[in-house]
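The analysis underlying the following values was restricted to heavy atoms, covering all of them including side chains, and did not include hydrogens, waters or symmetry mates. Counting begins at 1 with the first residue of the sequence.
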Amino acid sequence: MSKLTLFYTLEQLDSMKQLWLPPQALGEFLMPVQSPFKSDAARDRVLDDYDALLARWPVSYESRFIDTEFGKAHLIASGNPTASPLVLLHGGGGNATMWFHNITALAATFRVYALDIIGDVGRSTGARPAYASGGHVRWLAQVLDGLGLGQTALAGASFGSWLAADFALKHPERVSGLALLAPPHIEPLRLSFMLRAVVATIAPTDSRIRSFYRLISSPHAPQPTGLVMQDFVTRWQSQRQSPPPPPRLSAEDLQRLPARTLFLLGQDDALYDVNKAAARIRANAPACKVSLLAQAGHTLTVDKPREVSDLLVAFFARTSAPAAL
């Protein structure tokens, strides 16, 4: 990347504060593309880690593909097939294995379907849809159709929370309960966060990525070790760019969200002022539940896996949907 291009990008950072940029998304703001991987070799490295995590998946699972108009969607299914369904949507620059720390508790109560979102670094195929096309929502609807789910509980983390919210706004009748974890599209992002993300995206060295992970996690949480951290570094270094920033939720969107919605925010989230975000949600969506999790950052499913899982189980237990046909 030329110095001129980088200079132009940094000049735009202030205006970018109104946009959502997940932890690894700034690269695509610089140069939009459809393939999430830098190369076939990079894809192989990511999927090797994917397989290694699945080899340690703490519960039994099925690896499934669903045909959609965009290509084959991949998911990991765990839990009793007759239990109420719960669909999980991962964060930007991730894949279904991000739920590694939560799957045991969730699968004990629900039939869990952890999806690889289209256009991200998982096993789903197909080009990333443009936001204006509504393709992400159509893709998700077709995956649910393929699973025989007329209605389901839906949980998304970071980028996945945008998709979950957008789906619920367009198909409220299909969502029995909605959980939005560390949603990054509520408040403008901090300039300091965006600058760190730019640097880690442009020069993704091992040490810089690990430092950036420390920023987006909580200073009170233990840092992942071994394969989990290796996978984070591999995905960051191997992806071409993360999904570009979708629009923030407007006040009208917040007002239209189902009352059966849980916002789960990490008190130490470095992306924006969490207290302002919580206040904005409560002002515009008073029927929704807002929970602030102490000693958790943007990576709250890893920072506080037991607490997150317990909150999700308790919340969705009150909003269960019928099992798949």
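With hydrogens and angles disregarded, no donor-acceptor distance shorter than 3.5 Å links the side chain of Arg128 to the backbone of Ile118. Formation of a donor-acceptor pair under 3.5 Å by the Asn284 side chain with backbone atoms of Leu254 is not found in this model. Under the 3.5 Å distance criterion, the side-chain polar atoms of Arg174 are left unmatched by any main-chain donor or acceptor of Thr152. In terms of modelled atom types and a separation under 3.5 Å, the side chain of Arg260 and the main chain of Val175 share a donor-acceptor contact. Side-chain N or O atoms of Arg111 include one that pairs as donor or acceptor with a backbone N or O of Gly79 at under 3.5 Å. Side-chain atoms of Ser176 come within 3.5 Å of backbone atoms of Ala153 as a donor-acceptor pair (strictly under, hydrogens ignored). With Glu187 contributing its side chain and Asp273 its backbone, the two residues share no donor-acceptor pair below 3.5 Å. With hydrogens and angles ignored, the 3.5 Å screen pairs a side-chain donor or acceptor of Arg240 with a backbone N or O of Phe37. In this structure, Thr261 contributes its side chain and Leu257 its backbone to no donor-acceptor pair below 3.5 Å.
Both Tyr272 and Leu292 belong to a common hydrophobic cluster when Ile, Leu, Val, Met, Phe, Trp and Tyr are linked at side-chain heavy-atom distances under 4.5 angstrom.
Defined by atom type and a distance below 3.5 Å, a donor-acceptor pair is present between the side-chain atoms of His74 and Asp116. Glu69 and Gln142 form a side-chain donor-acceptor contact under 3.5 Å, judged by distance and modelled atom types alone. Checked by atom type, the side-chain pair Arg196/Ser211 shows a donor-acceptor distance below 3.5 Å. The closest side-chain donor-acceptor pair between Trp236 and Thr201, if any, does not fall under 3.5 angstrom. In this model, no donor atom of one side chain and acceptor atom of the other lie less than 3.5 Å apart for His298 and Ser217. Judged by distance alone, the side chains of Asp253 and Ser250 do bring a donor and an acceptor atom under 3.5 Å apart. The closest side-chain donor-acceptor pair between Asp268 and Ser218 falls under 3.5 angstrom.
Taking the six-membered ring for Trp and the full ring otherwise, the centers of Phe212 and Phe193 sit less than 6.0 Å from each other.
Of the charged side-chain nitrogens involved, at least one lies within less than 4.0 Å of a carboxylate oxygen, so that Asp51 and Arg123 count as a salt-bridged pair. For the pair Asp49 and Arg45, the salt-bridge criterion is not met [side-chain N within less than 4.0 Å of a carboxylate O]. Using a 4.0 Å cut-off between a side-chain N of Lys or Arg and a carboxylate O of Asp or Glu, Arg235 and Asp120 do not qualify as a salt bridge.
Applying the salt bridge (Lys or Arg N to Asp or Glu O under 4.0 Å) rule to pairs touching residues 76-87 yields nothing, sequence neighbours excluded.
With sequence neighbours excluded, the residues that form a side-chain contact (heavy atoms from CB on, under 4.5 Å) with Leu293 are Leu264, Ala296, Lys304, Glu307, Val308, Leu311.
The side chain to side chain contact (heavy atoms under 4.5 Å, CB included) with Tyr113 is formed by just one residue from the set Leu144, Val143, Val87, Leu89; it is Val87.
Note on ring orientation: taking the six-membered ring where Trp is involved, the planes of Phe159 and Tyr131 are tilted (angle from 30° to 60°). Ring planes of His171 and Phe167: tilted class, angle from 30 to 60°.
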Side-chain donor-acceptor pairs under 3.5 Å in residues 100-110, sequence neighbours left out?
unit_1 : atom_1 : unit_2 : atom_2 : d
Asn102 : ND2    : Thr301 : O      : 3.4
Asn102 : ND2    : Pro305 : O      : 3.4
Asn102 : ND2    : Ser309 : OG     : 3.3

